[in-house]
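Just so you know, residue 1 is the first one in the sequence shown, and it goes up from there. Values in this document were obtained by computation on a predicted structure and should not be read as measured data.
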Amino acid sequence: MSKGLPGDKIDLLRRQSLNVCEEPGVYLMRDESGEVIYVGKAKSLRNRLKTYFTGGDGRYQIEYLLNRITSFETIVTQTEEQAFLLERDLIGKYKPRYNIMLKDDKSYYSIRIDERAEWPRLELVRRTQNDGASYFGPYAFGAELRNLLEIIRKVLPLRTCSDSVLYNRQRPCLEYQIKRCCAPCCLSVDRDEYRDLLRQAVSILEGRTTATIRELTRRMDAASEYLRFEEAAAWRDRIEALSSFNSSHSLVTFRGENRDVFGLVRAGESAAVCVLLVRNGRIAESRPFVMTDVRVSDEELLEAVIDQFYDGGRELPGEIVVPRELENSSLLEAGFKGRYGVSVSVVCPQRGSRARLLAMAELNAKHAFDGSLTRESQWDRVSNALVEALGLRQAPRRVECVDISNFQGSDTVGAIVTFFDGVAERTSYRKYNLEQQGSPNDFASMYEVVYRRLKRGAEEGSLPDLLVIDGGEGQLSMALQARDKLGVGVEIVALAKMRTESELQAQDVSRKPERLYIPGKDTPLLLEEGDPMTRFLSRIRDEVHRFVITFHRSKRAKRVFGSKLDTVPGVSPEMRGRLLRHFKTIEAITEASHEDVARVGRMTAALAKKIVLRLRKV
C-alpha cells in the first residue's frame, strides 16, 4: 500500500476496480476537487486498474498519483486502437498533470479525398479542415495505414501525384508502367470508370471490403493454379491485411460535428443509459446513468432521459443520436428550439460513424449496468438471504471459507479464500502449513487454521463478517472452539454435501444436496438447488477446495520430487541442477571427490566438502 493514502480509501478504490469490465478502454483518475489528474489506456480495464490499487505497477510516479486519487471513471472502447486514439484526445482536453506530455505535438494521420477535384486522389494529412472534402481516420499506427494504402494502390490504379505534377506531365510515369496508375495526366481516361475506382477505395476505407477481397482471392487462386506460388503468397498477404482492416479503426468523422450519443441497456425494470459527448468530431466525455424501478417503455425512458439531461442548462449539440426511433422526436426537437433557441435533430442511424458511436455508447451502458447494478442487486439478494437463513446479526460483506487438504496425513495444509460483496478477493487468499502431520486429523487441523486466522484478524482489525467451514458438524465444533478461545464475535457456519437415502439406493451419485450446519440448531439446513444463496456458498466452497488442493499438490510434489541436496544449506538451485545433470544420481555425487563436486557445481571447496559429508551420513 502506498504511503500517505488512507487504507480505507485505497480499499474502496480496489473494490470498485473489481466491478470494472475486462474490455479495452480509457480510464480517468480524479482528485478531491474532481479535476482529472491522469488519463490512461488499457487492453483490459479491470486488470490495469487493479495494478494501481494492489501494489502499483513499478512506476515511480504511481505513489504520488495514488496519494491524490479519490475516484476514477472509465470509457469502454471496442478496440485497442480506439482506446489509443481516445487517450490522446482526452490528454489533450484535460492536460492531466501526471501524464507524460509528448514533445511531439503531431496529430495522427487521416486520409483526405476531395471528390470535387477533376481526378480525386487519396491524400495523407495530419490536420483536418471543414473544407468540404471527406476525411477518413484517424489512424493510430502509421505502418498499418501505409500497408492499407499500398493495397489500395495495387488493386485500384488511382493517381498519387500532386496537382502540380498532374497538370505538367508530358508522358506517363513509372506508376503507369507498373499498372498502379491509369495516367489521367496524359492518357484518355473514362471519368465514370475513374469515379467507380474511387468509390471502391472509399468502400475499403469505410470497412466494406467484401468485393475487393473477392477480387484479390480470384487473383490468388489464378496465380496458384499456374504454380506462381510467390505471387499467390503476395496476394494472400494482401487479403489478410485487408481482412484485418475494418471500420472500427475510425472513432468518428472529422467534419467538426457536435453530437450526444445515447446508448441504452435494459433488463426488466432496471436500465442503464450512457451518454457519449462528441465535440468537434471527437469523444470528449462519457456519462453513465443506472436506474431501477423503470416501468415505462424504452422510447418513453429515452425521451425522459434526454429531456432531463439538458434540463440543467447543459450544452446542446447540433445532433442527438438514439438507438431506436422515437415517436415524439419532432416534439423533442421543437421543445429544444422553443426553450433554448437551438436547432437540434434527433436521429437513429443504421450505419456509418454514427452507428459506430452508438455501438460504443451501448457497450459502455452495458458495462455500467453489469458493474454497478446487476452485481450489487445480486449480492443484496444473497446477503439478505444469508441473514434470514442463518440468523446473522447483520448482512455480511466479507465472507471467508476454510478447507483442509492432506494425503494420508502427510503434507497437511490449510487455505482460506475471501469474497467481498460476492466477488473473489484473491489478494486476501491465505495458505497455511500446519503442525498436524503424520496422521489424518481434519478436526485438529481445522482448529489450527481457524485459530491462526482469527488471532491475526483480531490483531490487525481484519476479521470476516462470516466464516464458512468446508466440512460437517465436527469441523464446525472445532472452529467454534477456536473462536471462543480467542473471544471474538465472528459468525461461523459449516457447509457439507450429503447423499439422500433414495439416491444411495438408486446409486445416483451425481446429485449431492448441500446442507448447512448452523450453531445452536440440532438439524442442518437443507439448501435448495439453484437458489442464489446456495450457488454463492457452493462457489466459495469450490473455490477454496481448488485453492487448497493446488497448494497441497505443490507441496507434495516438492517433497516427492525433491533431492537430498535440498537439505544442504548454501546449495542454490543452479548448483543442484549442474550436479544432477553431470552425475545423474545422488549416489554418484556421494561417491565423487569433493574436488570434482566443486568443479562441476562451480562452488567453493568448503561447500563441496559439506555436500559430500552430508550425503554420506544420510
Side-chain angles (χ1 to χ4, degrees), residues 81 108-125 128-139 144-163 165-167 169 172-173 175-176 178-222 234-235 237-257 281 347 349-359:
E81 289 85 352
Y108 294 118
Y109 274 122
S110 298
I111 295 177
R112 178 181 183 271
I113 300 178
D114 188 357
E115 296 187 21
R116 298 166 301 175
E118 184 178 9
W119 304 104
R121 66 189 178 109
L122 277 62
E123 302 176 71
L124 277 182
V125 297
T128 61
Q129 301 175 17
N130 191 14
D131 56 0
S134 298
Y135 290 88
F136 299 87
Y139 299 93
E144 204 171 83
L145 171 59
R146 296 181 191 281
N147 189 29
L148 173 66
L149 290 177
E150 182 70 12
I151 293 171
I152 293 176
R153 288 167 181 166
K154 287 180 178 179
V155 178
L156 306 171
L158 297 170
R159 78 171 177 104
T160 59
C161 57
S162 65
D163 290 344
V165 173
L166 174 73
Y167 295 113
R169 294 289 306 180
C173 65
E175 290 289 314
Y176 172 76
I178 61 176
K179 303 184 186 303
R180 293 178 62 163
C181 179
C182 57
C185 55
C186 303
L187 303 180
S188 177
V189 177
D190 186 278
R191 292 188 184 277
D192 291 337
E193 290 183 4
Y194 190 90
R195 291 284 174 175
D196 185 60
L197 293 175
L198 186 68
R199 282 193 292 272
Q200 292 183 48
V202 170
S203 295
I204 294 175
L205 294 173
E206 290 179 343
R208 294 183 281 114
T209 59
T210 304
T212 307
I213 289 176
R214 191 183 301 118
E215 173 62 18
L216 293 177
T217 303
R218 185 189 64 78
R219 297 187 185 187
M220 179 185 69
D221 293 340
W235 289 118
D237 294 341
R238 294 170 194 169
I239 292 170
E240 290 177 353
L242 192 55
S243 299
S244 66
F245 178 82
N246 54 62
S247 59
S248 65
H249 286 71
S250 173
L251 279 181
V252 286
T253 58
F254 277 93
R255 297 186 178 90
E257 310 96 328
V347 299
Q350 301 300 318
R351 62 183 63 86
S353 61
R354 294 180 181 88
R356 293 195 294 273
L357 283 168
L358 186 58

(request) Just jot down the salt bridge (Lys or Arg N to Asp or Glu O under 4.0 Å) partners of Glu118, sequence neighbours excluded, or say none. (result) Arg191

(request) List in chain and number order the residues that pass side-chain hydrogen bond (donor to acceptor under 3.5 Å, both in side chains) with Glu123, two or more places apart in sequence or in another chain; answer none if no residue qualifies. (result) Arg112, Arg121

(request) Could you tell me whether the side chain of Arg159 and the main chain of Leu166 form a donor-acceptor pair under 3.5 Å? (result) no

(request) Can you sort out the partners of Arg195 under salt bridge (Lys or Arg N to Asp or Glu O under 4.0 Å), two or more places apart, ordered by chain and number? (result) none

(request) Report yes if some heavy atom in the side chain of Trp119 is under 4.5 Å from a heavy atom in the side chain of Leu158; otherwise report no. (result) no

(request) Go through the structure and list residues passing salt bridge (Lys or Arg N to Asp or Glu O under 4.0 Å) with Arg116, not counting sequence neighbours. (result) Asp114

(request) Supply the atom-to-atom distance Leu124 CG to Leu149 CG, rounded to the nearest 0.5 angstrom. (result) 5.0 Å

(request) Applying side-chain contact (heavy atoms from CB on, under 4.5 Å), name anything that partners Asp192, two or more places apart in sequence or on another chain. (result) Asp190

(message) Just to verify, what does Leu187 make a side-chain contact (heavy atoms from CB on, under 4.5 Å) with, not counting sequence neighbours?
(response) Pro172, Tyr176, Ala183

(request) Please name all residues satisfying salt bridge (Lys or Arg N to Asp or Glu O under 4.0 Å) with Arg169, sequence neighbours left out, ordered by chain then number. (result) none

(request) List for me each residue that meets side-chain contact (heavy atoms from CB on, under 4.5 Å) alongside Asp196, sequence neighbours excluded, and say none if there are none. (result) Arg199, Gln200

(request) With sequence neighbours excluded, tell me which residues meet side-chain contact (heavy atoms from CB on, under 4.5 Å) with Thr160. (result) Arg153, Glu175

